[in-house]
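Worksheet: one structure, shown below.
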Amino acid sequence: MTLLVTGATGFVGRAIVARAAAEYPGGVRAAVRNTAPDHESQVSTVHVGDLDATTDWSEALASAEVVVHTAARAHRSEEHTSELQSPCN
């Protein structure tokens, strides 16, 4: 089985990768935005770049049987703010 974890460098994603690597050695793939995380040596990494409409997931998804999606935009940019994304505070 190959398990793909998106957002693998984030707080939640890093924990999921560590736990999955312990249970499925060699069966975990970490999708990363720009740098390889300090994951276990049996975890493969694939660079997907920034998370947007043009992100190419084909290499990351190749042969993946399970996807745990934890990737998300964590910071709001003023230039990409719409009426629906107005701040609450």
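Since this is a predicted model, take the numbers as computed values, not measurements. Residue numbers count from 1 along this sequence.
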Checklist line | Partners meeting salt bridge (charged side-chain N to carboxylate O under 4.0 Å, His left out) with Glu23 (sequence neighbours left out) | finding: Arg19
Checklist line | Asp52 side chain vs Thr55 backbone, donor-acceptor pair below 3.5 Å | finding: yes
Margin query: Donor-acceptor check, side chain of Ser63 to backbone of Thr2, threshold 3.5 angstrom: yes or no?
Written below: no
Notebook entry, point to check: Ignoring hydrogens and geometry, is there a side-chain-to-backbone donor-acceptor pair from Arg29 to Ala60 under 3.5 Å?
Noted result: yes
Item checked: Same cluster (ILVMFWY, side-chain, under 4.5 Å), Tyr24 and Ile16 -> yes
Notebook entry, point to check: Given the rule that I, L, V, M, F, W and Y join up when any side-chain heavy atoms are under 4.5 Å apart, are Val67 and Met1 in one cluster?
Noted result: no
Next item on the list: Among Thr70, Val68, Val43, find the residue that satisfies the side-chain contact (heavy atoms from CB on, under 4.5 Å) test when tested with Val17.
Entry: Val43
Next item on the list: Examine Val46 and Val66 and state if one hydrophobic cluster contains both, with Ile, Leu, Val, Met, Phe, Trp and Tyr joined whenever side-chain heavy atoms are less than 4.5 Å apart.
Entry: no
Check: What distance separates Asp50 CG from Arg33 CZ, expressed to the nearest 0.5 Å?
Finding: 6.0 Å
Next item on the list: Locate the shortest heavy-atom distance separating Ala71 from Thr6; write the atom from each residue and the value.
Entry: N-OG1, 3.2 Å
Margin query: If I take atom CG from residue Leu4 and atom CD from residue Glu65, how far apart are they, to the nearest 0.5 angstrom?
Written below: 12.0 Å
Notebook entry, point to check: What is the minimum heavy-atom distance between Val5 and Gly13, and which atoms define it?
Noted result: CG1-O, 4.0 Å
Check: Would you say Val32 and Val48 make side-chain contact, with heavy atoms under 4.5 Å?
Finding: no
Next item on the list: Take Leu51 and Trp57 through the test side-chain contact (heavy atoms from CB on, under 4.5 Å) and record every step on the way to the result.
Entry: CA-CA 10 Å; Leu51 183 63; Trp57 292 98; 3.5 Å; yes
Note to self: So, taking the atom named CG in Asn34 and the one named NE2 in His47, what distance separates them when rounded to the nearest 0.5 Å?
What the structure shows: 6.0 Å
